[in-house]
Amino acid sequence: MLDEIEGTVQGHRDGHGFVVRDDGGPDIYLPPNEMRAVLHNDRVKVRVVRTDRRGRPEGRVLEIVERPAQPIIGRLLHEGGVWLVAPEDKRYGQDILIPKGGLAGAQVGQVVVVELTEPPALFGQPVGRIREVLGEIDDPGMEIEIAVRKYGVPHVFSDACIAEARSLPETVQPQDKVGRVDLTDVPLVTIDGEDARDFDDAVYCEPARIGRAKGWRLLVAIADVSHYVRNGSAIDIDAYERATSVYFPRRVIPMLPEKLSNGLCSLNPEVERLCMVCDMLITAKGEIHAYQFYPAVMFSHARFTYNEVAAILANTRGSEAQRRKERVPDLLNLHDVYRALLSQRIQRGAVDFETTETQIVCDEAGRIERIVPRTRTEAHRLIEEAMLAANVCSADFIDQGKHPGLYRVHEGPTPEKLELLRNYLKALGVGLTLGERPEPGDFQRIAEATKDRPDAQQIHTMLLRSMQQAIYSPVNKGHFGLAYPAYTHFTSPIRRYPDLLVHRVIKALLAGERYQLPTLPIPGEAQAKLARRLEKGQAPRPGQVAAPRPKLSGEMLAWEAAGLHCSAAERRADEASRDVEAWLKCAYMREHLGEEYAGVVTAVTGFGIFVTLDQMYVEGLVHITELGQEYFRFDEVRQELRGERTGVRYAIGSRVRVQVSRVDLDGRRIDFRLVQEGESGSGRAGRSSASVGRERAESGASGAEPAAADTEGRPRGTGRGRRGDSGAAGREKPKSKGAAAPAPQPGAAPKQRGRKSRR
């Protein structure tokens, strides 16, 4: 009897699909006829029946094991007297029939949410009814309404949660201060972005003697969310389900009700607030000599922005410094301790690559006005290092207390990615190499040694892509990117549930008690998906023996479930944010069809090159058929396409000039046409290259946190220059050779590269 294999269906916009196997084996191709009776995201049991002409295992669906009860979002159509909903996510491959009684008052062209009433069959389309009418496609904020439902982001607080939040006081009560250290006379300040609304961390630094040597006392005060969000309460259940705040341009879906996130738990200036404090002694070498945690009550003496602090540090006699002169000495002390901590980071060998982050600036209607680069100043780095230090202390405190908790775990590169990176560095003639068990400092040394090369950006991108994603886990395996033996998230309990759990564990240890996780509902689908993905990533190579999985107690299993859920919610938030940014960028670029721009190649695949425009910070595809009238071969080792006749090469970092040729708003894709030197592109403004989707992180884009990417305890803003086509889910892997040049038919998708692997 042939093996029956279980997995999850990943649909493709062209009608076929793949089964992502639970056992980590190669994906199984499903031809269009097999996809008729299944839907994207179905859990199925399949049998491999043949190998297709491309060498892929082809399967036959035997059984639908589970059909997730998730709504489908799409636009209502009326064709030939029949009502249909065309799914917004093209991986669903089939329109949904809507009987007249299931229209719920929706009008043609409106965006609706559909609930299936009859599943698809081999000879019949799925049938559903409209559950919610979202509005017109061009309504302001519609892209966000679509994304939160498309990715299952919880966005409505329960009635019990709202009622409990209303019952909370408006200010700190006298009884809340009992047993707390009074820090109201310590000039703690907050430093955040101009548009920040919630302030969960405050800092203060002063010189201190450590023995006979000079050092600093650094206080990091974090909003005491755990005082108000009681274990297992209605607010706690909703916060756990969300697990993280989700940031979109011009809108935030918070983890906590606004009364907490912008009120009681926000360290607003000149009001008393409850906090948890990490009080540290830092040596002149940037080492943490000692630390202690304690609950306190504080009074923020000022609300600074990054730009203000950067201006003061740059000129202590300038207008900004004069306006805040009473706080200038404290800021200079913070800058001094930052420089010491930074020197320790360098000595530790932490990975610290500079990357360009972007910010989407929208108009009142929610449409993009411009995309601008974010400048990281000394003020940003100062806060990052202070937050990193507090996070390290919290991890050490939990570890020393022998108490379970959630660590932020980031493991080193997998053997496969390491081998690919080694071959790549060798092919480019980089003198340094990586051993079997490389240290973070090895990556940093390669980055430093190559920073002045013309292909430095290409090399640094590949270094980043070789790293794994960071996750939350009760099993401490250290943080590779930051070069810490133990690391947690302590500094953002307003917007991250793992931080709230860390606060509760620290409080329990201070009280000599043991914290027990509450019984919380676990939305199991996202967690189960991530668990299978992690197992797949850890699958042994042929000939290898799988490392034994540590046996966990019942208590540790509960913590592992919490870690998986929080990690999956983080991925979900990232995917929703990327989808919205991609939609906005596509809408933005529709106004620039036919225009030419200079850009740089940011990714290379067997089907073409992805180019990011210099001034627009938008990425699109130049399909291989648009590169020239010759055969291009894809070199996976060098990550480049090379023309066999002319020898012309396109690699990461190559400078090109392109024309915007096509924008597919539904598919979240932008296509470019390469403009050859001396050519005017105006005569071909309407020409379209083939539609291609590519998901971010396909090449192993890192979930690492170099440059303190998401470890500093604060959001890094929306619009971070991510790939603009995360809505498409291509499963086909390109051949190692390129494609000969017959142009694809309109609407056909060239072959795509595997499936998505955040961060």
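Side chains are part of it too, since the values below use all heavy atoms of this structure and drop only hydrogens, waters and symmetry mates. Just so you know, these numbers come straight off a predicted model, no measurement behind them.
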Examine distances only and state if a side-chain atom of [X] and a backbone atom of [Y] form a donor-acceptor pair shorter than 3.5 Å.
X    : Y    : value
S577 : Y247 : yes
D238 : S158 : yes
R242 : L256 : no
D89  : R91  : yes
N476 : P485 : yes
T305 : G193 : no
Q173 : T171 : yes
H410 : L482 : no
Q468 : G412 : yes

What distance separates [X] [atom1] from [Y] [atom2], expressed to the nearest 0.5 Å?
X    : Y    : atom1 : atom2 : result
F248 : D579 : CZ    : CG    : 8.5 Å
D139 : L134 : CG    : CG    : 9.5 Å
D499 : M255 : CG    : CE    : 7.5 Å
I383 : I191 : CD1   : CD1   : 4.0 Å
D666 : W583 : CG    : CH2   : 10.0 Å
C393 : M280 : SG    : CE    : 5.5 Å

Looking at side-chain heavy atoms only, is the closest gap between [X] and [Y] below 4.5 Å?
X    : Y    : answer
K417 : R465 : no
P493 : I222 : yes
L406 : Y497 : no
L388 : Y487 : yes
C275 : R273 : no
D22  : R43  : yes
L501 : L517 : yes
S266 : D200 : no

So which atom in [X] and which in [Y] form the shortest heavy-atom distance, rounded to 0.1 Å?
X    : Y    : value
A569 : A243 : CB-CB, 3.4 Å
A576 : A147 : O-CB, 3.9 Å
R571 : A470 : NH2-O, 2.6 Å
L584 : P249 : CD1-CG, 3.7 Å
I371 : I360 : CG1-CG1, 4.3 Å
A389 : I288 : O-CD1, 3.9 Å

### Message
Looking only at side-chain N and O atoms, does N231 offer a donor or acceptor that is under 3.5 Å from a partner on S233?
### Response
no
Considering only NZ, NE, NH1 and NH2 on the basic side and carboxylate oxygens on the acidic side, decide whether [X] and [Y] come within less than 4.0 Å.
X    : Y    : result
R495 : D198 : no
D236 : R504 : yes
E143 : R668 : no
R149 : E145 : yes
E272 : R180 : no
R376 : E384 : yes

### Query
Does the side chain to side chain contact (heavy atoms under 4.5 Å, CB included) test come out yes or no for R303 and D192, once each step is laid out?
CA-CA 8 Å; R303 182 268 203 260; D192 294 271; 4.1 Å; yes
### Aromatic ring pairing F397/F293, orientation class (parallel under 30°, perpendicular over 60°, tilted between)
tilted
### Task
Measure the acute angle between the ring planes of H489 and Y472, then classify it against the limits of 30° and 60° as parallel, tilted or perpendicular.
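Judged by the thresholds at 30° and 60°, the geometry between H489 and Y472 is perpendicular.
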### Query
Does Y151 have R578 sitting over its ring (NZ/CZ under 6.0 Å from centre, angle to axis within 45°)?
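Checked: cation-pi criterion not met.
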### side chain to side chain contact (heavy atoms under 4.5 Å, CB included) between C278 and F490, worked out
CA-CA 10 Å; C278 182; F490 163 79; 4.3 Å; yes
### Task
Please assess N41 against Y92 for the test side chain to side chain contact (heavy atoms under 4.5 Å, CB included), listing each intermediate value before the final yes or no.
CA-CA 9 Å; N41 276 339; Y92 279 101; 4.3 Å; yes
### Message
Using a 6.0 Å cut-off, check whether atom CZ of R197 has over 12 heavy atoms from anything other than its own residue.
### Response
no
### Query
Could you walk me through whether S394 and D396 pass the side chain to side chain donor-acceptor pair (under 3.5 Å) check?
CA-CA 5 Å; S394 64; D396 184 72; over 6 Å; no
### Task
Let me see the working for Q359 and D195 under side chain to side chain contact (heavy atoms under 4.5 Å, CB included), right down to the final yes or no.
CA-CA 12 Å; Q359 177 183 8; D195 55 352; 4.2 Å; yes
### Message
Taking side chain to side chain contact (heavy atoms under 4.5 Å, CB included) as the criterion, tell me which of L510, V225, T491, V220 meets it with M276.
### Response
L510
### Message
Less than 6.0 angstrom separating the ring centers of H380 and Y306, yes or no?
### Response
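Ring centroids of H380 and Y306 are less than 6.0 Å from each other.
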### Query
Residues in ring-ring contact (aromatic ring centres under 6.0 Å, His included) with H227, at least two apart?
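H227 satisfies ring-ring contact (aromatic ring centres under 6.0 Å, His included) with no other residue.
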